Every structure is written in C-alpha cells, then in structure tokens.
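The structure under discussion appears below in the form of structure tokens.
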Amino acid sequence: MIRERLCREYLEEIDRLERSLRELEEELIELRMQLNLKVDEANRLAIENASLRHRIEMMERREKRLVEFLRKLKIPVIYIDEERFEDVDVDLGPDSKD
C-alpha cells in the first residue's frame, strides 16, 4: 500500500515534470522565433542605415562639387547653416493698418 502510494506520487511528479519540460521547450521555441525576428529587423535597419549614410555622402559630395563649380564661374555663394537658426513664422497676409 505505501509502496503503491509512493510509486503513484513519483509517477505523478514525473508526469508534472515532463509537462513542465514540454512547456519550457515550447516557450524556448517561441523565444527563438522572437529572437530571429529581432535579428532580421536589426539586419534590415543596419542595411537601411548604411544606405542612408551612402546617400548622405553622395549628397555632400554633390554639394561640394556644385559649390566649387559656382566658385569657378565666380557666382557668389551664400551658405546658410539652417541648424543655427530657429524657425520663424511669417505672416504673408495683407497688412492691417489698425
């Protein structure tokens, strides 16, 4: 009787541990899939970042060549650093004489 009860308790515990193990395996699979999605997203962002960097470099080169060309033509060039100025709202409506 005691032996059967102990065996039953051990078998129930083994059953519970096996269920827990299956749940952990399923959770691990889900986490691996999420990790793969994050890695894919990080790779896409890295590629996009490299592409944008390249485009910026090309635009900067084009701007330098254009400035050099205008200087050779002796056309005055005024360079405004837009980052140093604040946005200003301009009222383009008719002047009121109040």
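For clarity, every value in this text was computed on a predicted model and none was experimentally measured.
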Under 3.5 Å donor-acceptor pairs involving side-chain atoms of residues 24-35, not counting sequence neighbours:
unit_1, atom_1, unit_2, atom_2, d
Glu30, OE2, Gln34, NE2, 3.2

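- Partners of Arg16 by side chain to side chain donor-acceptor pair (under 3.5 Å), not counting sequence neighbours, listed by chain and number: Glu13.
- Residues passing the salt bridge (charged side-chain N to carboxylate O under 4.0 Å, His left out) test with Glu9 are Arg5, sequence neighbours excluded.
- By the side chain to side chain donor-acceptor pair (under 3.5 Å) test, Glu48 pairs with no residue at all, sequence neighbours left out.
- Rounding to the nearest 0.5 Å places CD1 of Ile56 at 8.5 Å from CZ of Arg53.
- Scored by the salt bridge (charged side-chain N to carboxylate O under 4.0 Å, His left out) test, Asp40 finds no partners at all (sequence neighbours excluded).
- Between the CD1 atom in Ile14 and the CZ atom in Arg19 there is a gap of 12.0 Å [rounded to 0.5 Å].
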Would you list the atom pairs, donor with acceptor, under 3.5 Å between side chains in residues 59-75 and any protein atom, with sequence neighbours excluded?
none

